[in-house]
Amino acid sequence: MSSALAAETANKHPRHIAIIMDGNGRWAYRRHLPRVAGHRRGAEVVREMVQRCVDLKIPHLTLFAFSTENWRRPPLEVRLLMNLFRLLLRREARKLHENGVRLRIIGERSNLAADLQTLIAEAEALTAENRRLTLNLAVNYGGRWDITQATKRAVARHLESGESLDTFREEDLAAELCLADSPEPDLLIRTGGEERISNFLIWQLAYTEFYFTDTLWPDFDGNALELALKSFAHRQRRFGRTGDQILDDACASD
Ligand code: FPP
């Protein structure tokens, strides 16, 4: 392959990065610190990654901050994590707004504390018109929950319009998912050495490129992101087509 053609078929930066931020507990353990110290450092890395995405003009970033399964953690750790979200919403919302970032919380919010729900609504309203970067924070989120809530709403809408279920299409359901108005993630990064999805965006990741790294989330930095982006740039995304078809298309547009 000529280098020009290689450049043509290489991926540009992803439009949407999703991240499973794993390894905070181990990072703290290795330093003989309480787990929450890992989460605190993890929250700083979140700030750093938001800035990197803004600088790199990557317009969508979705972070898995708290899963529907994370309620099973010790109550003290759950409380401390919720306090970190409070801090983020109280202290950072204005800065995000000034930086052109739109903040959205995805997940079941009805069983979050009432004050947290208010902070979420305020931060979302404040940043709603921003378009430089959409930051989706998944809190009390699970992919199966997302598909279930979308199915209920999509089927109800469909039946209300008088249609039979025979005409129900994939797109009807997709339109009700949490990230319906964002492009699907191009790249999923999971830190911390595990290689699984853990009930993250299970529908939306159907064609996403996966990148797993042993780096613990609190150690994830600009260089680590660069490595992930380099790996992504070398993937050939076929979406069900053959490699030859992709090359033919690239030659035709050369
Ligand atoms: C996984 O590490 C991390 C979490 C469950 C929480 C993610 C939260 C943060 C990055 C900090 C807060 C973020 C915001 C947006 C305020 P783990 O605890 O499972 O680590 P381990 O696998 O090493 O135990």
Side-chain angles (χ1 to χ4, degrees), residues 17-54 60-97 99 101-109 112-113 115-117 119-120 122-124 126-127 133-143 145 178 188-201 211-222 224-225 228:
I17 300 181
I19 308 184
I20 300 177
M21 310 178 286
D22 199 8
N24 294 349
R26 278 165 286 164
W27 183 91
Y29 182 78
R30 287 175 195 173
R31 287 164 178 75
H32 310 286
L33 295 169
R35 292 178 59 82
V36 68
H39 295 317
R40 282 202 194 102
R41 173 65 201 138
E44 284 169 32
V45 176
V46 166
R47 211 171 291 136
E48 227 170 288
M49 284 308 124
V50 168
Q51 193 54 52
R52 296 266 171 187
C53 286
V54 168
H60 300 270
L61 175 65
T62 301
L63 303 176
F64 205 6
F66 193 87
S67 74
T68 45
E69 290 74 31
N70 284 151
W71 296 106
R72 298 177 191 150
R73 293 193 170 209
L76 178 63
E77 182 169 343
V78 170
R79 228 175 24 249
L80 291 168
L81 276 168
M82 292 299 154
N83 282 340
L84 271 180
F85 301 141
R86 278 191 185 87
L87 264 184
L88 174 102
L89 293 163
R90 280 211 193 97
R91 288 201 190 148
E92 305 285 333
R94 185 146 295 280
K95 284 185 214 152
L96 291 172
H97 181 50
N99 212 356
V101 178
R102 173 190 184 197
L103 177 68
R104 285 196 311 188
I105 306 298
I106 59 167
E108 174 58 271
R109 56 180 82 175
L112 298 177
D115 71 304
L116 199 49
Q117 291 186 44
L119 286 170
I120 290 172
E122 287 170 358
E124 286 184 335
L126 176 70
T127 61
L133 169 70
T134 297
L135 170 62
N136 301 300
L137 210 54
V139 179
N140 196 20
Y141 177 87
W145 164 82
C178 280
L188 170 80
I189 299 173
R190 181 174 186 144
T191 62
E194 314 282 358
E195 301 191 354
R196 55 177 172 261
I197 305 182
S198 299
N199 196 19
F200 196 23
L201 305 159
Y211 178 83
F212 298 108
T213 170
D214 289 336
T215 303
L216 304 175
W217 178 249
D219 290 326
F220 198 81
D221 58 10
L225 178 65

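The first residue in the sequence is number 1, and the count goes up from there. Order of appearance sets the numbers: ligands from 1, and atoms from 1 within every ligand.
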Residue [X] vicinity, atoms of ligand 1 by number, heavy atom under 4.0 Å:
X   : answer
R26 : 21 (P), 22 (O), 23 (O)
R73 : 5 (C), 17 (P), 18 (O), 19 (O)
D22 : 1 (C), 2 (O), 17 (P), 19 (O), 20 (O), 21 (P), 22 (O)

query = Does some non-hydrogen atom of R35 fall short of 4.0 Å from ligand 1?
reply = yes
ask   = Are any of the heavy atoms in G192 under 4.0 Å away from ligand 1?
value = no
request  = Using a 4.0 Å heavy-atom cut-off, say whether F66 meets ligand 1 through its side chain, its backbone, both or neither.
outcome  = neither
Given [options], which has its nearest heavy atom closest to [atom]?
atom                    : options        : value
atom 9 (C) of ligand 1  : L87, N24, L137 : N24
atom 16 (C) of ligand 1 : W27, F64, F85  : F85
atom 4 (C) of ligand 1  : H39, E44, E194 : H39

query = Under a 4.5 Å cut-off applied to non-hydrogen side-chain atoms, are V46 and M21 in contact?
reply = yes
inquiry  = Under a plain distance cut-off of 3.5 Å, with no hydrogens placed, do W71 and N140 share a side-chain donor-acceptor pair?
reply    = yes
request  = Carefully, step by step, assess S198 and R190 under the rule side chain to side chain contact (heavy atoms under 4.5 Å, CB included).
outcome  = CA-CA 10 Å; S198 299; R190 181 174 186 144; 2.8 Å; yes
ask   = Would N70 and E77 count as a side-chain hydrogen bond (donor to acceptor under 3.5 Å, both in side chains) if you check the C-alpha gap in whole Å, the side-chain angles of each, and the deciding distance to 0.1 Å?
value = CA-CA 10 Å; N70 284 151; E77 182 169 343; over 6 Å; no
key: Verdict with supporting geometry, I19 and F64, side chain to side chain contact (heavy atoms under 4.5 Å, CB included)   = CA-CA 6 Å; I19 308 184; F64 205 6; over 6 Å; no
